[in-house]
Amino acid sequence: MPTSRRHAIPNLPTPDFTYDPHAAGACVAGVRPFRNGSYRLDSELASGRFVVHNYGHGGAGITLSWGCAAKVAEIVKKRIAVSHDTQVAVLGAGVMGLTAATLLRDLGLEVTIYADRNPVETTSHKAGGQWAVSVVAFAGKEQELKGIIKTSYTTFKNSIGAGFGVSEVPNYSREVTPGLEVVRRLAPGLMPERESLMRMPFENHTKPGFKYQTLLVEPPIFLLRLENDLSARGVTIEPRQFISKSDVFSSLPQKVIVNCTGMGAKKLWNDQDMEPIKGQLAMLPKQPALKYLYGQDGYMFPRSDAVIIGSTFEVGVDNETIDPAKCKSLVRHIAALFGQAVPVAMPEYHIHHPRNARLFDPTLPTGV
Ligand SMILES: Cc1cc2nc3c(=O)[nH]c(=O)nc-3n(C[C@H](O)[C@H](O)[C@H](O)COP(=O)(O)OP(=O)(O)OC[C@H]3O[C@@H](n4cnc5c(N)ncnc54)[C@H](O)[C@@H]3O)c2cc1C
């Protein structure tokens with residue numbers, strides 16, 4: 001039976017959806033590095049180098065970062081116990097590269113990051129930042145993912161209040177949220193249990209729904225903190241663009257290489273399973289009174305720098321060109337759910353629909 005909240009929760013503030021899609025920075029676009037079948041987290045010996053791959057995390061790279069970095073460090077630790085290498089090259093300065101570099105430095109290794117984009121220019125910097133296992137394939141890797149999820153969640157949760165841009169927030173949704181249902185299934189008890197609500201706590205949005213308690217990781221704060229901490233520990237980011245795998249091997253001296261190139265791995269490692277999924281986000285002015293996330297056929301994440309409304313879901317599209325009309329439609333859709341705009345038909349590029357979620361996690365029951 002749903003829990004009655006009719007008298008228990010006062011209404012939460014309704015967002016201000018005033019939006020000019022043509023204002024500078026009002027619409028941003030990034031490309032999710034999605035990998036069909038599964039993300040890649042393994043190692044190989046090639047041209048006398050030990051290469052650890054850590055890419056293909058689609059729409060969940062921020063979420064899975066610490067857990068994947070711990071696996072990378074575990075793999076490298078085993079290797080250096082035998083090879084006695086002391087230097088490691090990390091390719092990529094997105095969230096995967098920076099978190100892996102952090103834990104490799106913890107092993108006492110001399111770490112150098114090589115990338116053709118600085119953290120602030122990466123896809124990671126553009127992410128919304130909800131902690132949820134969304135838009136990532138993990139066929140045959142349920143056990144591994146379970147460990148990754150646990151490590152990531154625990155690490156992020158332990159960093160609340162320590163300047164990493166992490167906070168614990170409720171997420172309200174009309175339907176269950178697939179990216180959080182995966183967590184409930186694989187790691188029951190890790191997060192607070194979701195609540196069923198007879199009524200959403202908003203003035204003009206009073207249908208039944210669900211409340212999850214999850215984390216918000218603000219990428220601009222998180223990445224800058226990682227970058228500064230690494231720099232203080234002697235880890236530099238060298239600007240470098242690699243054009244092929246053999247270019248990597250011929251230009252780098254390190255015998256241990258960690259490949260965190262996201263979408264770049266498609267070309268560098270000729271990985272045909274990599275598939276770009278473009279996502280556009282509308283950025284509204286910050287609204288500090290909003291202390292909750294919202295998700296249904298799109299989402300709204302109030303952060304300290306902006307209110308993020310996302311996201312489009314453009315499969316096979318590998319460019320970062322913004323389309324202000326699409327950003328406007330994202331805002332109008334969420335505004336309509338809050339009774340602040342006239343409802344319109346949901347465009348096909350909205351992501352947070354159960355039928356999309358099942359593309360990535362076919363084990364989800366129909367209707368989830
Ligand atoms: C709109 C949108 C919203 C998102 N929201 C969320 C969210 O709420 N929560 C969440 O967990 N995730 C979210 N994501 C997903 C997340 O952003 C990605 O999974 C994550 O950024 C991937 O990190 P990465 O380090 O693998 O790749 P990137 O951040 O793309 O970094 C790749 C790095 O590799 C370097 N590189 C690549 N090729 C080369 C080359 N040839 N030579 C040299 N360097 C190279 C680049 O310069 C860059 O530094 C979102 C993504 C988008 C697009």
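First listed ligand is number 1; within each ligand, the first listed atom is number 1. Along the sequence shown, the residues carry numbers beginning at 1.
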Among protein heavy atoms, which lies nearest [atom], and at what distance?
| atom | value |
| --- | --- |
| atom 18 (C) of ligand 1 | Gly58 O, 3.4 Å |
| atom 52 (C) of ligand 1 | Arg32 CG, 3.8 Å |
| atom 41 (N) of ligand 1 | Phe242 O, 2.9 Å |
| atom 50 (C) of ligand 1 | Ala127 CB, 3.6 Å |
| atom 28 (P) of ligand 1 | Ser124 OG, 3.8 Å |
| atom 8 (O) of ligand 1 | Gly129 N, 2.8 Å |
| atom 12 (N) of ligand 1 | Gly59 O, 3.0 Å |
| atom 30 (O) of ligand 1 | Thr123 OG1, 3.3 Å |

Atom indices of ligand 1 within 4.0 angstrom of [X] heavy atoms, with elements:
| X | value |
| --- | --- |
| Gly92 | 33 (C), 34 (O), 35 (C), 49 (O) |
| Gln241 | 42 (N), 43 (C) |
| Gly279 | 1 (C) |
| Pro33 | 18 (C), 19 (O), 22 (C) |
| Gly264 | 37 (C), 38 (N) |
| Gly30 | 53 (C) |
| Arg117 | 47 (O), 49 (O) |
| Ile62 | 10 (C), 11 (O), 12 (N) |

>> Go through it in stages, so that I can follow the logic: the residues are Gln213 and Met191, the test is side chain to side chain contact (heavy atoms under 4.5 Å, CB included), and I'd like the CA-CA distance, side-chain angles, deciding distance and then a yes or no.
In response: CA-CA 7 Å; Gln213 195 70 9; Met191 301 173 68; over 6 Å; no

If the threshold is 4.0 Å, N to carboxylate O, is there a salt bridge linking [X] and [Y]?
| X | Y | value |
| --- | --- | --- |
| Asp106 | Arg233 | yes |
| Glu74 | Lys77 | no |
| Glu275 | Arg32 | no |
| Glu320 | Arg117 | yes |

>> So which atom in Leu330 and which in Gly310 form the shortest heavy-atom distance, rounded to 0.1 Å?
In response: CD2-C, 3.9 Å

>> Testing the basics here: between Gly262 and Tyr55, what is the closest heavy-atom pair and its distance to 0.1 Å?
In response: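 Heavy atoms of Gly262 and Tyr55 come nearest at N-CB, 3.8 Å.
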
>> Taking atom NZ as the centre, does Lys150 end up with more than 12 heavy-atom neighbours from other residues, nucleotides or ligands that are less than 6.0 angstrom away?
In response: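 Atom NZ in Lys150 is not packed in, count stays at 12 or less.
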
> How about Glu168: does its CD atom have over 12 heavy atoms from other parts shown lying under 6.0 Å from it?
Replying inline: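 Atom CD in Glu168 is crowded, with more than 12 foreign heavy atoms closer than 6.0 Å.
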
>> Please check this pair: side chain of Thr63 against backbone of Gln130, looking for a donor-acceptor N/O pair closer than 3.5 Å.
In response: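 Confirmed, Thr63 side chain pairs with Gln130 backbone.
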
>> Between Thr312 (side chain only) and Gln280 (backbone N and O only), is there a donor and an acceptor less than 3.5 Å apart?
In response: yes

Does an N or O from [X], backbone or side chain, lie closer than 3.5 Å to an N or O of ligand 1?
| X | answer |
| --- | --- |
| Tyr114 | no |
| Met96 | yes |
| Gly61 | yes |

>> A side-chain contact here means heavy atoms from C-beta on lying under 4.5 Å apart; do Phe338 and Met200 qualify?
In response: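 The answer is no; the side chains never approach within 4.5 Å.
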
>> For Tyr299, which part has a heavy atom under 4.0 Å from ligand 1: side chain, backbone, both, or neither?
In response: side chain

> How does Leu268 reach ligand 1, by side chain, by backbone, by both or by neither, if only non-hydrogen atoms under 4.0 Å count?
Replying inline: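 The part of Leu268 near ligand 1 is the side chain, not the backbone.
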
>> If the contact criterion is a heavy-atom separation under 4.0 Å, does Met263 count as touching ligand 1?
In response: no

> What about the rings of Tyr299 and Phe301, do their centers lie closer together than 6.0 Å?
Replying inline: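 Yes - the distance between ring centres of Tyr299 and Phe301 falls below the 6.0 Å cut-off.
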
> For the rings on His205 and Tyr172, is their centre-to-centre separation under 6.0 Å?
Replying inline: no

Among [options], closest by any non-hydrogen atom to [atom]:
| atom | options | value |
| --- | --- | --- |
| atom 43 (C) of ligand 1 | Lys126, Glu238, Arg240 | Arg240 |
| atom 5 (N) of ligand 1 | Gly310, Gly128, Ser311, Ala93 | Gly128 |
| atom 27 (O) of ligand 1 | Ser244, Ala100, Gly262 | Gly262 |
| atom 39 (C) of ligand 1 | Val120, Leu293, Val136, Asp116 | Asp116 |

> Can the positive tip of Arg49 be found less than 6.0 Å from the middle of the six-membered ring of Phe249, inside 45° of the ring normal?
Replying inline: no

